[in-house]
Enquirer: 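Have a look at the structure that comes next, please.
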Amino acid sequence: MSTTANATFSVVQWDEKPYHEQAGEGKTTRSHVIYRYEGDLVGESTVEYLMHYPEAADATYVGLQRFVGTLAGKTGSFVLTHNGTANAVDVFDSIEVVAGSATGELAGLRGSGKLALSGHAEGYPFALEYEFV
């Protein structure tokens with residue numbers, strides 16, 4: 001039976017750099033991002049996103065995120081995969097805990113979630129459906 005962890009995350013740092021840009025092809029970027037979490041998840045994470053912008057404001061991206069901190073009072077770390085799309089206003093993202101990535105008291109963690117964010121804010125809601133196996 002799964003449990004829902006509810007948290008709020010904020011962007012501490014966003015460093016995005018293009019590594020391929022050509023007229024008619026859009027651009028592809030690499031982003032190094034740091035998030036801070038409060039709520040049922042407390043801690044920080046580092047994410048590496050690869051993003052492709054076929055048009056000026058639209059992007060498709062994938063990412064790996066390593067969270068370090070506590071989940072419902074248990075300490076450790078785990079890795080999430082991201083698969084999403086974004087435009088100038090909205091972000092839609094599917095996330096999943098990488099099997100076998102959890103450490104410490106979080107060992108055996110499985111989970112997934114979806115993000116649907118709109119606009120820029122100081123904090124964003126985050127929900128993770130999880131269980132320990």
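Every heavy atom of this structure was used, including side-chain atoms; hydrogens, water molecules and symmetry mates were not.
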Enquirer: Could you state the interatomic distance from OG (Ser94) to CG (Leu115), rounded to the nearest 0.5 Å?
Expert: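 The OG atom of Ser94 sits 8.5 Å away from the CG atom of Leu115.
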Enquirer: Please answer whether the main-chain N or O of Ala59 pairs with a side-chain N or O of His52 as donor and acceptor at a distance below 3.5 Å.
Expert: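 No, His52 side chain to Ala59 backbone: no donor-acceptor pair under 3.5 Å.
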Enquirer: Does Tyr19 have Lys27 sitting over its ring (NZ/CZ under 6.0 Å from centre, angle to axis within 45°)?
Expert: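 Output no; distance or angle outside limits.
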Enquirer: Looking at Asn87, is its backbone amide N or carbonyl O close enough to the side chain of Asp58 to form a donor-acceptor pair, meaning the two atoms are under 3.5 Å apart?
Expert: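 Side chain of Asp58 to backbone of Asn87, a donor-acceptor pair under 3.5 Å: no, none is there.
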Enquirer: Measure the spacing between OH of Tyr49 and CD of Gln65 and express it to the nearest 0.5 Å.
Expert: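 Between atom OH of Tyr49 and atom CD of Gln65 there are 6.0 Å.
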Enquirer: Go through it in stages, so that I can follow the logic: the residues are Glu129 and Thr4, the test is side chain to side chain donor-acceptor pair (under 3.5 Å), and I'd like the CA-CA distance, side-chain angles, deciding distance and then a yes or no.
Expert: CA-CA 4 Å; Glu129 296 289 326; Thr4 302; 2.4 Å; yes
Enquirer: For the pair Tyr37 and Phe67, name the ring-plane relationship: parallel under 30°, tilted 30 to 60°, perpendicular over 60°.
Expert: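 Correct class here is perpendicular.
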Enquirer: Under 3.5 Å, is there a donor-acceptor pair between the side chain of Asp40 and the main chain of Asn6?
Expert: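 It does hold such a pair.
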Enquirer: Give a yes or no on whether the backbone of Val68 and the side-chain of Ser77 come within a donor-acceptor separation of less than 3.5 Å.
Expert: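 Here the side-chain-to-backbone pair does not exist.
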Enquirer: Please step through side chain to side chain donor-acceptor pair (under 3.5 Å) for the pair His32 and Gln13, ending with a clear verdict.
Expert: CA-CA 8 Å; His32 176 80; Gln13 175 186 330; 4.5 Å; no
Enquirer: Begin with the C-alpha distance, continue with both residues' side-chain angles, and end with the deciding distance and a verdict on side chain to side chain donor-acceptor pair (under 3.5 Å) for Glu96 and Thr81.
Expert: CA-CA 5 Å; Glu96 188 169 335; Thr81 62; 5.2 Å; no
Enquirer: Could you tell me whether the side chains of Ser118 and Asp90 share a donor-acceptor contact shorter than 3.5 Å?
Expert: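 The criterion, which ignores hydrogens and geometry beyond distance, is satisfied for Asp90 and Ser118.
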Enquirer: Is there a side-chain contact between Tyr35 and Val12, using heavy atoms and a 4.5 Å cut-off?
Expert: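 No, side chains not in contact.
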Enquirer: In terms of relative ring orientation, are Tyr61 and His82 parallel, tilted or perpendicular, with 30° and 60° separating the classes?
Expert: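 Rings of Tyr61 and His82: tilted, 30 to 60°.
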Enquirer: Of all heavy-atom pairs between Tyr130 and Ala72, which one has the smallest distance, and what is that distance?
Expert: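 Result for this residue pair: OH-CB, 3.4 Å.
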Enquirer: Between Thr75 and Gly69 (side chain of the first, backbone of the second, donor and acceptor by atom type, cut-off under 3.5 Å), is there such a pair?
Expert: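 Checked: no pair found.
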Enquirer: Compare all side-chain heavy atoms of Arg30 with those of Glu16 and state whether any distance is below 4.5 angstrom.
Expert: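 SC-SC contact between Arg30 and Glu16 ruled out.
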